[in-house]
Number of protein chains: 4
Amino acid sequence: MVDIALIGAGRIGKIHGGNLARQPGMRLKYVCDAVPEAASELAANLGAAVADLDRVFSDAAVQAVAIASSTDTHAGLILRAAAARKAIFCEKPVDLDVGRAREVQAAVAAARVPCLIGFQRRYDPTFAALKRRLDAGEIGEVEVLAITSRDPAPPPIAYIERSGGIFKDQLIHDFDVCRWILGDEAQTVYAASSCLVDQAIAKAGDADTTAVTIRTRKGRLGQINTSRRAAYGYDQRFEVLGSGGMLAAGNHRPTEVSAHRPGGISVDTPEPFFLERYRTAYAEEMIHFAAVLRGEVAPRAAIEDGIRALEIAEAATRSAKEGRAVTL
Amino acid sequence: MVDIALIGAGRIGKIHGGNLARQPGMRLKYVCDAVPEAASELAANLGAAVADLDRVFSDAAVQAVAIASSTDTHAGLILRAAAARKAIFCEKPVDLDVGRAREVQAAVAAARVPCLIGFQRRYDPTFAALKRRLDAGEIGEVEVLAITSRDPAPPPIAYIERSGGIFKDQLIHDFDVCRWILGDEAQTVYAASSCLVDQAIAKAGDADTTAVTIRTRKGRLGQINTSRRAAYGYDQRFEVLGSGGMLAAGNHRPTEVSAHRPGGISVDTPEPFFLERYRTAYAEEMIHFAAVLRGEVAPRAAIEDGIRALEIAEAATRSAKEGRAVTL
Amino acid sequence: MVDIALIGAGRIGKIHGGNLARQPGMRLKYVCDAVPEAASELAANLGAAVADLDRVFSDAAVQAVAIASSTDTHAGLILRAAAARKAIFCEKPVDLDVGRAREVQAAVAAARVPCLIGFQRRYDPTFAALKRRLDAGEIGEVEVLAITSRDPAPPPIAYIERSGGIFKDQLIHDFDVCRWILGDEAQTVYAASSCLVDQAIAKAGDADTTAVTIRTRKGRLGQINTSRRAAYGYDQRFEVLGSGGMLAAGNHRPTEVSAHRPGGISVDTPEPFFLERYRTAYAEEMIHFAAVLRGEVAPRAAIEDGIRALEIAEAATRSAKEGRAVTL
Amino acid sequence: MVDIALIGAGRIGKIHGGNLARQPGMRLKYVCDAVPEAASELAANLGAAVADLDRVFSDAAVQAVAIASSTDTHAGLILRAAAARKAIFCEKPVDLDVGRAREVQAAVAAARVPCLIGFQRRYDPTFAALKRRLDAGEIGEVEVLAITSRDPAPPPIAYIERSGGIFKDQLIHDFDVCRWILGDEAQTVYAASSCLVDQAIAKAGDADTTAVTIRTRKGRLGQINTSRRAAYGYDQRFEVLGSGGMLAAGNHRPTEVSAHRPGGISVDTPEPFFLERYRTAYAEEMIHFAAVLRGEVAPRAAIEDGIRALEIAEAATRSAKEGRAVTL
């Protein structure tokens, strides 16, 4: 039985907390949150105790922490966990600054603790099955990846202002998928962006619509198009062309009802947003974390993956700003 | 907090037990099974105690029982539960004999305890959403229902010999769907059947492939085709034609990967069998049972529904045997 | 170059005329019709001459006739063509009376002229490809066929009154598909029918909605459900279950546009009616007829096929009337 | 009746010739080709006469010419046709050199003859229906276009060497679709390219795989990914995101058969190549040309459209070579 503490009892903390509490062989011992009521409520629901960070990091029985607090706290908490020699799960990103993230990486390496970064898409049943089939050679050598990634609606402007920009905030996941599926590192990045959804986003210095091209060292090509708005729901798809064919990952639908009426034949729009679409992925991620803690597998997404995605995001940000391709 | 006992710790008992144990406001107090080891193991997993039937029915704190034991025990257990004034969930069928089922129904009515019968398809997200849209008038008046219902592979001959025949064993669910969706009672039933999959099934006096037609009192038409074998998995679909269009319920797939290769473009076969396909349905069924216990809703499938489906199954059995339409 | 005459310049005659006129190695010499203007207009469009029946049958240069006139003229025209030793294409049915059709068959056999009956569905690209794959053993032994066959809207009552009833008029094509796909002859037929679309159809002594079950000599099962109305267009599909899987024939859509909007994701409804859906089938049918005339192939649908389908239609009519299964 | 001459009796000339010959109100008078046998054979099949260019341009009865000869002859032939005051249909491109194409445009404008450029995709039933629905406002304001455009297999190296490069040869159609669907002019173009299919293509100085981003004056974003090889057939799709939803254009399939077998559920791969996929588009293009000749409509794709697409192709070529975004 592994004792674990959850840091962060917000929207994503609740997801991870529930999944941790259901994990055989794992016990959710503590819940911490800067907002005491949030910590209390979640702890009560999950049969855990409320604790502050000092208690978490000083309790020798706690073998692992799951960090789901706000982005600006990630680096500091990973460092404390490494120092306390606790295994780490941390939501993406490690930090918005690559240099700082590299420092954190070095500390984790020195502490020799496992550290899993929260790129939950790698655990999505559809994405993960595609990846397995790709690795099994079903379509030969990978050549082109095209990702469509659209949120249902933009977040509040206040969120956007502190987000680090669309490339670090929204596309970071797509950059990770890009590396994971293309199986090669980005060499040049070109990003075009526009503000077509809400001019308040432009005023906040950000874009809401992007088109990114990544060319890898082997010449493989990745294309990503994103928007902060899709009137038909959360759109998360990609297609990989290989020498022997194509594998495509489609959206998940709430039901398989189709309606055949005079105007057309219609099926459900995709799951509305990431909590629904990636519900299974989040659960699988914690099953994987449990296996990491048992020493059975290496983290599917390590701190290095978090940094690489961040580097692409920085390059894309610069590219969109300067109107030129950026070489990594 | 409602205390509940689970009777039956086999394949389906495990499903219901897990769902009951996760139910907010409900406590799984006891697990009973004729096989002590089965009861112990499941009770341990779910944090419940092992008990025999006497203890279950004499413990005044137990307000409800969930019956998931073998078919021949259902009627007796419902009668005991009714006598003990406990609310009841019972897997289908109430009994293989309609007369006996009617006796049980009378006893339950006299005891004034709620009794939910396990027609889990009514809770399947796809089937339930279709039913809601149908009831909302999306395709006008219902005219025709066509059900395709196929198992991936036949059960063992020993199972078939005790099953009561394909109509009572396999099609009972389809007959329930037929009544539920057509919104009208069967008036005539015609069933054609063949043994095309395995001649051992014919030797056991049963068929493995059927085609049933139901005409309701209002003249609505239901068609069901079933097989004990579908090489591509568990096939559970239906289509309803109405005056204004058609609603169709398709299969669920494990993933949304598509593979585009020289021979064709392919997607996953359906979920392999009922435990996978109806996993969510079973969970929803217990959520519904909890609401029934709170007195918020009437059972979505009452004992009367179990009997009606059984009557159609008997009529179909006779029809297939005698080669004629049977009027109910 | 084969000279051919077209008899009947109505809706279906225009289709066949156009296809005959475009046939390499074939010359449409004459067009006949009881309505002189219809004949003149079509002849002018297709570069043919107008002729009466006497001229057609006495012109030794005419090697073949295509009969697309009204149903009640088919038998007489086939007999005249056989007597004149001309090859024959005739629209279904040979006659509404089986006895009369058998007489015609004998005369055609005695004259040793080829006679192709117009079951155009056998030439539909989707249906024909499915049949080829079935014959190639793609799904093993055939077990069950389920046909969905729905018109967009009922014909005028005047048409229904002279149609011979829904089974001879609408389902005749489905009965042919049933024999063609099941690869076996019907042994028992059970038909349930209702009038749910328009009570004027009931007053005319007919039904508009049917559910038919056919059991073949080998015990294969065929199910057909039909309606005179489908609000979403002309619905022409079937599914064949075999020992190794299922082959399904779907509808054709005018375009492959999909619209993703808040209410759902929608694609086109099927081609509106038979002239659109079977446009290619009609063209392929005449290509096949040309090959029959060159002696390269036997008719894909012979007069015997027409009679067999008619016999099933008669049995279905009786079954629906008498409420019992009919043995052929 | 309009007399028309066809110049070029190769693969695409045969398509246009057949469509012209079937056009009501039009008479295909002449067929010209540098290879006399090609001209003779096609002329014989279509009931036209063989002629040389002098005869075509000096015959006052010829009101229009359809140019389907090799690319290097286009500009010269358009100039001769303009000088002879004949209406023009010309396959794309006008010329591989933008300056030369502008000269040709000026001459055509001065001669005041209609000139339709052969961007056949604008007539494809799926693409054209999508465009109509887009113009009707079905998804609001256009924001993003993503095009997938893949040939089944690379052309011979000899062809590639004279093709002008992948952007002018293959993507020219995609650039036209981009302008047509985005409804705005390209401002910046960025193209990444690789040689992943066949190294002989790299030796010939070309690429076989590309990823292009176009940003329009209004900030709309277009992404195109292309390959000279798709193992599953000719892949021609696009998706348009608008403020109110998305419209997507899918591939056409030869049949609507689906096969449900143990390994998956599969449907047909797309139509194999452009002659099959765009068969209807080519026919519709000539119907449109006939309407242009009758003065009923303006050319759906004018010489200006040909030049604009060419300019994007030149920019893309430069971008891929120099690794930077190019502003138009």
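Proteins come first, then strands; the chains are lettered A, B, ... in the order of their sequence lines, and each starts at number 1.
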By a 4.5 Å heavy-atom criterion (distance strictly below it), what part of A:Ser227 contacts chain D: side chain, backbone, both, or neither? side chain
How about CZ on A:Arg229, more than 12 heavy atoms from neighbouring residues, nucleotides or ligands closer than 6.0 Å, or not? yes
Rounded to the nearest 0.5 Å, what separates atom CG in D:Leu196 from atom NZ in A:Lys218? 11.0 Å
Chain D contact via A:Glu239 - side chain, backbone, both or neither, heavy atoms under 4.5 Å: side chain
If one checks every heavy atom of A:Leu145 against chain D at 4.5 Å, the contacting part turns out to be neither
Is a salt bridge present between D:Arg150 and A:Glu143, judged by a nitrogen-to-oxygen distance below 4.0 Å? no
Going from CG on A:Leu241 to OG1 on D:Thr209, what distance comes out if it is rounded to the nearest 0.5 angstrom? 7.5 Å
Roughly how far apart are D:Asn225 CG and A:Leu221 CG, rounded to 0.5 Å? 8.5 Å
Is it true that atom CZ of D:Arg237 has more than 12 heavy atoms of other residues, nucleotides or ligands lying nearer than 6.0 Å? yes
From A:Thr188 atom OG1 to D:Arg324 atom CZ, the distance as rounded to the nearest 0.5 Å: 15.0 Å
Just so I understand: if I count every heavy-atom pair under 4.5 Å between each of A:Gly242, A:Ser243, A:Gly222 and chain D, which residue has the most? A:Ser243
What is the minimum heavy-atom distance between D:Ala325 and A:Gly323, and which atoms define it? CB-O, 3.8 Å
Under a 4.5 Å heavy-atom cut-off, does chain A meet the side chain of D:Ser193, its backbone, both or neither? backbone
Okay, D:Ala211 and chain A: the region with an atom under 4.5 Å from a heavy atom over there is both
